[in-house]
Every structure is written in structure tokens, then in C-alpha cells.
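I have placed the structure first, in the form of C-alpha cells, so that the comments after it can refer back to it.
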Number of protein chains: 2
Amino acid sequence: MSTQRGRPKKYDPQTALQAAGGVFWAQGFSGTSLDDLSAAMGMNRPSIYRAFGDKEAVYRLALAQFTRQMEEGFNHTVLQETDFREGLRRFYRAALEVYSSGEAALGCMVMCTAPAASITHLDVQSDLLEVIEQLDRRILKRVELAVDQGQLSAIVDAKSLSKLIQAVLHSLAIRARAGESKTSLRRFADAAILTILGKT
Amino acid sequence: MSTQRGRPKKYDPQTALQAAGGVFWAQGFSGTSLDDLSAAMGMNRPSIYRAFGDKEAVYRLALAQFTRQMEEGFNHTVLQETDFREGLRRFYRAALEVYSSGEAALGCMVMCTAPAASITHLDVQSDLLEVIEQLDRRILKRVELAVDQGQLSAIVDAKSLSKLIQAVLHSLAIRARAGESKTSLRRFADAAILTILGKT
DNA sequence: ATGTATATATACCATTTCGCATATTATTTG
DNA sequence: CAAATAATATGCGAAATGGTATATATACAT
């Protein structure tokens, strides 16, 4: 409750993390130096250390922030739309806007940078797995609802179907980062929905 | 034609590259130092430089070698099997053996390490895109053959279907690296084929 | 054997990198 | 106003990094 003591922070934690995330997103974990972070965050190294911990801690916090934003996108599309197909279509579109925005298309921060670091930094691997499984669970829930509502017919296996839906996202992420055009990716996403969920 | 002059190489280029690839595969491009390479390849840095060029050149050569091996796997499964579904199933299995072999599952060297480096090293981005598009083309060819032979019915769009087939591979690669079990991934792969290509 | 070609081995260099120890500044509390 | 608190700023230092210059070793050709 006490009003803040001592010298006031010059930075906003959220914005600083966002800036750090931007660098990590483009350069990956080990491709990014503390100096890079310092410049982007507008904080000098000791301040970063005090505020967030070491390089790996900053990276993981930035990952979490990115994930949170993507989850919001999921809520605003898949979960809000009554028709599952249409909600999914909007979700893929929204993801593509993130993946292919700005100058260079960076793809998904998690899928395109975390795997490279995940073998030598096991905490990052845990984060990566958790993100994937969490999304599996959330998609599955919505798939099961769609089945109950008769929106999906004759499903092989709801769990595998959910993973397949996420697989498209993985591919969009990588392909965006590889340089495929947004229009090409949109076409792919739309067609994938048709093939996966049937044409009805 | 002349027999080799000068001091003979102590290393075999193929094996040396394979060793380099192993390190890059686990640690990624920027996570790997020249000293790491030197130790793994059994060559000191100047020799590496003379033989293959700088760090990026070594990485790209290792990528190419890895890609070649995966392409052979594709030939021995998808292309050799008369039934497309069965060939695809065998291909996914073979890929999983690569992705999840050894102590730690490393996933696909291309999909799990190249994206991280692709923004700052544009040649790597080109390699990545080329690998993806090349596989798209090869799958597409086989899909079209299957359609001609009546093995596939009522396809939305052969190109998108091919991309979807590769999407499953991308996801397997990432999920393996994230730590998902081989059996879980096998189950997913099998179910994905059913969903994508129909149950007939 | 001698010179030429090719490879390896040693040592070095400039820079970067991470992390921290030590000031210094700003704000609140007593 | 002084003490306490909490942040920023400066600068140091050991190690790692990418790359190269120089020296040495090993083979073939004549």
C-alpha cells in the first residue's frame, strides 16, 4: 500500500518487456546480446538485471507476454464466433497479421525462436511445450463444443484434429518467417480449414 | 585428374560436415561457437575456414546435407510406395525416427534452427524457403499422381493439400523438439493422414 | 633431394559478451 | 534537513568469440 519509495522507475515494465521481445523475436535468444536489449529497452544492463533477472529470464518473460497476446487473439476470434469454421478463419487471419506485419515478416516468436534455444535451455523447452499443450487444450475444448452442436460431423479423433488445427498455425509461422507472401498464406489457411473440417 | 598433391586431408569432408551439423542442430546457429565446431569436427579453426568458409557457410552446408538426407527418406517412402497413404505414413515415421532419435529429441534441423537465424542471415532465409518450396513441389507431384490414379477423391486444392501435408511435418518437428513423446507423435501423424486424405 | 602444393598447428588480435562492483541520482519518510 | 530507500549510470574485468597471420608438417613430381 505504501506509496513508492526511492527513485522512481524510468521505464514501464510492460513496454520494456515488449521492446525486449521485439529484439528476441527478430534475432532469437542467443543471437541477442545484453547490449542489444539495453539499447532496445532504454535501460542499462544493471537495471535490466535488477528488474527482470538474467538474459534467459528476460527472454522467458517476453515469451510469456507474447503468448498472452496470442491467447487474447484466440479469445476474440475462435471463442467469440458461434460458427467454429468462421472463428478459426478469423484466428488464422489475426495470427497472420502478427506474423507478417512490419518490414520483415517475423513469424511466431515462440515457434520460430524458442525451438533453437530449447535444447541448451531446458526451461525454454518447458515453456515451449506448455504453450503448445495449452493451445491444444483450448482448441480441443472448442472442437468438442462444435461436435456437440452438430457443427462438425464424423470426426476421426478430436484430440488429433485439434493438433492438426495447431499444425496449420505452426506452418504459417514458419512459412511467414521464410518469406512466403501474406496472400499465399491466407489462401493456404482458408483451404486448410476446408480440408480439415470438411466443406459443409 | 592429377593424384592429390600436398599434405593429405586428415578429415573426411562429409563426416566433418555431419559433425558440424550435429552441433548446429542442437545449439542453433548463433548458439554454436567456432570452438564448438572445432571440437566436434576434429579440425582447428583455420582448417575449417580453408575447407568450408566462415561459420555461416559451414552452417548452410550442414543444412544442405541434412536436407539431402531427408529427401532420400522421402524417396524411399512416399515415392517408392504405390499407395500414397501408406507411403506418407512411412515417411512421417521415418522423419520421427530422425526427429526423436538419440538422447534428446532434436526435431528437424531446418525447421527448428534456421528460422531463428533467418532474419539476420538472409541467405539462411533463402535456404529455408527453398527447402519448404522444394518439398511442396515434390509432395504436389505425388498428390497429383494419386489423384490421377483415383487414390484421392474430391480434393479441394492439390497445392493447399500438399502444404497441409508438409504442415504436419512442421508440427512434428517442433513438437518433437518441445519434448512430446514419440508414441504421441506417431498417433498424431497417423490420425492426420486419415483426416487430411479421407478414410477410404 | 629438392621444390611445389596442400594441409595442419600455434599463436595472436580486436571485439564482444556477460556479469558485477561501485558511484550517483531522485524520491519518501521521520 | 538528514536518513533511508530504490532506482540509474559508469566503468571494470575475465572470458569467449570470430577471424587471421605465421610457422610447420606431409605428400607428390621431377
Side-chain angles (χ1 to χ4, degrees), chain A residues 1-17 19-24 26-62 113 116-117 119-124, chain B residues 1-24 26-63 113 116-117 119-124:
Chain A
M1 268 330 69
S2 60
T3 63
Q4 57 175 344
R5 311 264 310 224
R7 182 171 178 170
K9 295 179 204 282
K10 215 177 178 179
Y11 61 91
D12 169 55
Q14 295 279 330
T15 358
L17 269 186
V23 186
F24 279 129
Q27 306 182 355
F29 174 74
S30 47
T32 300
S33 71
L34 285 185
D35 280 339
D36 291 336
L37 292 179
S38 175
M41 303 168 82
M43 302 168 66
N44 34 35
R45 285 186 312 257
S47 290
I48 296 176
Y49 221 78
R50 284 185 62 72
F52 306 108
D54 65 3
K55 189 176 145 183
E56 183 178 331
V58 179
Y59 176 71
R60 296 181 64 200
L61 287 169
T113 72
I119 302 298
T120 46
H121 296 79
L122 295 182
D123 289 340
V124 173
Chain B
M1 270 337 67
S2 59
T3 64
Q4 59 174 346
R5 308 269 310 232
R7 183 173 177 170
K9 296 179 203 284
K10 216 177 177 182
Y11 62 91
D12 169 54
Q14 295 278 330
T15 356
L17 268 186
Q18 195 83 17
V23 187
F24 279 129
Q27 306 183 356
F29 174 73
S30 47
T32 300
S33 71
L34 284 185
D35 280 340
D36 291 336
L37 292 179
S38 176
M41 303 168 82
M43 302 167 65
N44 34 35
R45 279 174 314 206
S47 291
I48 297 175
Y49 222 80
R50 282 188 64 71
F52 307 109
D54 66 4
K55 189 176 147 185
E56 184 178 330
V58 179
Y59 176 72
R60 297 181 63 200
L61 287 169
L63 265 193
T113 73
I119 303 296
T120 45
H121 297 79
L122 295 183
D123 289 340
V124 173

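As a basis for the values below, the full set of heavy atoms in this structure was taken, side chains included, without hydrogen atoms, waters or symmetry mates. Being a predicted model, the structure only gives us computed values, none of them experimental.
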Practice problem: Check the distance between C:dT16's P and B:L34's CG and give it to me in whole angstrom. | Solution: 16 Å

Quiz item: Looking for any heavy atom pair under 4.0 Å, which part of the strands does B:T32 touch: base, sugar-phosphate only, or nothing?
Solution: sugar-phosphate

Quiz item: Is any side-chain N or O of B:K55 closer than 4.0 Å to OP1 or OP2 of D:dG19?
Solution: no

Exercise. Mind calculating the distance between OH (B:Y59) and C1' (D:dG18) to the nearest angstrom?
Key: 18 Å

Quiz item: Between the side chain of B:S38 and the main-chain N/O of B:M43, is any donor-acceptor distance below 3.5 Å?
Solution: yes

Quiz item: What pairs with B:D36 under side chain to side chain contact (heavy atoms under 4.5 Å, CB included), at least two apart in sequence or on another chain?
Solution: B:V23, B:Q27, B:T32, B:S33

Self-check item: Whole-Å distance separating the OH atom of B:Y49 from the P atom of D:dA21
Solution: 10 Å

Exercise. Rounded to the nearest angstrom, tell me the gap between atom CG in A:D35 and atom P in C:dC18.
Key: 7 Å

Quiz item: Which whole-number value in Å describes the distance from A:D54 CG to C:dG19 C1'?
Solution: 10 Å

Self-check item: By ring-ring contact (aromatic ring centres under 6.0 Å, His included) - contacts of A:F24 (at least two apart)
Solution: A:Y59

Quiz prompt | A:S33 side chain near C:dT17 phosphate (N/O to OP1/OP2, under 4.0 Å) | solution = yes

Quiz item: side-chain contact (heavy atoms from CB on, under 4.5 Å) between B:E56 and B:D54: does it pass, once the steps are laid out?
Solution: CA-CA 6 Å; B:E56 184 178 330; B:D54 66 4; 3.9 Å; yes

Quiz item: What is the distance from CD of B:E56 to C1' of D:dT17, rounded to the nearest Å?
Solution: 16 Å

Practice problem: Heavy atoms under 4.0 Å is the rule here; annotate nucleotides 7-14 of chain D 5' to 3' with B where the base is hit, S where only the sugar-phosphate is, and - elsewhere. | Solution: BBBBBB--

Self-check item: Expected output: side-chain A:K55 to main-chain A:F29 donor-acceptor under 3.5 Å
Solution: yes

Exercise. Could you walk me through whether B:R45 and B:D35 pass the side-chain contact (heavy atoms from CB on, under 4.5 Å) test, one step at a time?
Key: CA-CA 7 Å; B:R45 279 174 314 206; B:D35 280 340; 3.1 Å; yes

